[in-house]
Amino acid sequence: MSTVTQVPVRNIPVAKPYFGLEEEEAILKALRSGWVSQGPRVAEFEKGFAAYVGASHAVAVSSCTTALHLAMIALGLGPGDEVICPSLSFIATANAIAYVGATPVLVDIARESYNLDPKRVEQAITPRTKAILAVHQIGLPAAMAEISQIAAKHGLTVLEDAACAVGAEYREKKIGLPHSRLACFSFHPRKVLSTGEGGMITTSEESLVLRLRRLRQHAMSVSDVVRHSSRDVVTETYDEVGFNFRMTDLQAAVGIVQLDRLPGFLERRRMLAARYNDLLAELAWMSLPASPAGCRHTYQSYMVRLKPHAPVSRDGLMQALLNRGISTRRGVMAIHHEAPYRRARGADSLPETEAATRETLILPLYHQMTEDEQDYVVENIVDATRRA
Ligand SMILES: *Cc1c(COP(=O)(O)O)cnc(C)c1O
């Protein structure tokens, strides 16, 4: 390793989406075709996505947040129902439960996986519990077998916040099916695959699909594609209160190309993560990401943890790296620290969540990151602790 003082200060972001010429051409073609809202490209993207994860159906929407919102409605969750979810997650996880008037019950995580602790899930069940919203945090699958077993025992529905888990695998099957009734994905630029903004719901239940397709489009009884291709005048009806949560064909055009790139994205992320694991292994004060048996991580984020005896504080390390042009982020947030959820059920007993949100940070990782850039990050982590 060269000494850091000889290396000029660089600018390394924590994350960066990757788009190429193909995305530019695809979006231009869609624009010129005249189909700019939800149309044939959305249908094509859905088909490709369903085939990729092995689901029978995929429904594209405007974000993972709107995907989760529709999922809650389609599963019939509402006021008086308790839905179990982790506090260590992006706030949209709990917001989706709140949107339908249901009650989020915040449950602690398992220390190593940063995902729901099945034991604590079972302890949180009451006669009002209706569903478990499992999150595959930063791309590592949650303990779906244990969670499903608990759900079956208590007659609960399971659904998945798979925002970060496009391409993740659980027991040799992709996240997306058949691990629960519904899985919701995100295509935000911070995630593995991006359409700018966008989301997808996968399921094997035909009745859910029909409802979701209607709800995303004002609950209209016929889609624009059907109306445009019909030789007869079609009159639609609106049988319930719906939403405009459509994905556009401009976004889907990008998504189709990104889906082609996905195996390459995952390979590169996993290679860079393995390289971080090797390079950081010598630091006894840092815990590296766990890889539980049967789980394949997407490394949507590469999150490390500072042990209590670390020679620097978490925030001190983040500042030292920023001084060298390296952006990091604090680890996953704790939902119960935010105003709407401070008094949420379960908020008073989340010791592992408290510790994780205090002790973790996310290191830079993106498709186009070079090994040289990664070496620079590692050298500066080592250097920051030497000077501390
Ligand atoms: C990013 C994220 C979301 C929200 O996704 P959007 O597509 O931005 O709405 C929800 N849950 C988790 C766990 C996330 O990481």
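All ligand and atom numbering here is 1-based and tracks the order in the structure. Positions are given from 1, in the same order as the sequence printed here.
Within the structure, the closest approach of Gly199 to ligand 1 does not fall below 4.0 Å when heavy atoms are considered.
Around atom 8 (O) of ligand 1, the closest heavy atom drawn from His188, His69, Gln300 belongs to His188.
Look at Glu22 and Arg261 and you find a salt bridge, because one of the NZ, NE, NH1 or NH2 atoms lies within 4.0 Å of a carboxylate O, short of that distance. Glu373 and Arg324 are not joined by a salt bridge, as no carboxylate oxygen comes within less than 4.0 angstrom of a charged side-chain nitrogen. By the 4.0 Å N-to-carboxylate-O rule, Asp249 lies too far from Lys29 to be salt-bridged with it. Between Asp278 and Arg275 there is no salt bridge, since none of the side-chain N atoms of the basic residue sits less than 4.0 Å from a carboxylate O of the acidic one.
The nearest protein atom to atom 7 (O) of ligand 1, hydrogens excluded, is given as Ser186 OG, 2.7 Å; this is a heavy-atom distance. Nearest protein neighbour of atom 10 (C) of ligand 1, counting heavy atoms only, is Asp161 OD2, 3.6 Å. Annotation: atom 1 (C) of ligand 1 to nearest protein heavy atom, Lys191 NZ, 1.7 Å.
Listed by number with element, the atoms of ligand 1 under 4.0 Å from a non-hydrogen atom of Ser63 are 7 (O), 9 (O). Residue Ser89 has at least one heavy-atom neighbour below 4.0 Å for each of these atoms of ligand 1: 13 (C). With ligand atoms numbered from 1 in the order given, ligand 1 contributes 2 (C), 3 (C), 4 (C), 12 (C), 14 (C) to contacts under 4.0 Å with heavy atoms of Phe90. For ligand 1 and Thr93, the ligand atoms under 4.0 Å from any heavy atom of the residue are 11 (N). Residue contact check: Cys164 has heavy atoms under 4.0 Å from atoms 15 (O) of ligand 1.
If you look at Cys64 next to ligand 1, the close heavy atoms, those under 4.0 Å, come from the backbone and the side chain alike. In Thr65, the parts holding a heavy atom less than 4.0 Å from any atom of ligand 1 are both the side chain and the backbone. Only the side chain of Val135 comes within 4.0 Å of ligand 1, judged by heavy-atom distances.
Arg296 pairs with exactly one of Arg270, Glu172, Arg171 by the side-chain contact (heavy atoms from CB on, under 4.5 Å) rule, that one being Arg270.
Closest non-hydrogen pair, Pro364 versus Thr328, comes out as CD-CG2, 4.2 Å.
A donor-acceptor contact closer than 3.5 angstrom links the side chains of His136 and Glu160.
Legend: residues meeting ring-ring contact (aromatic ring centres under 6.0 Å, His included) with Tyr18, ordered by chain and number and at least two apart, are His367.
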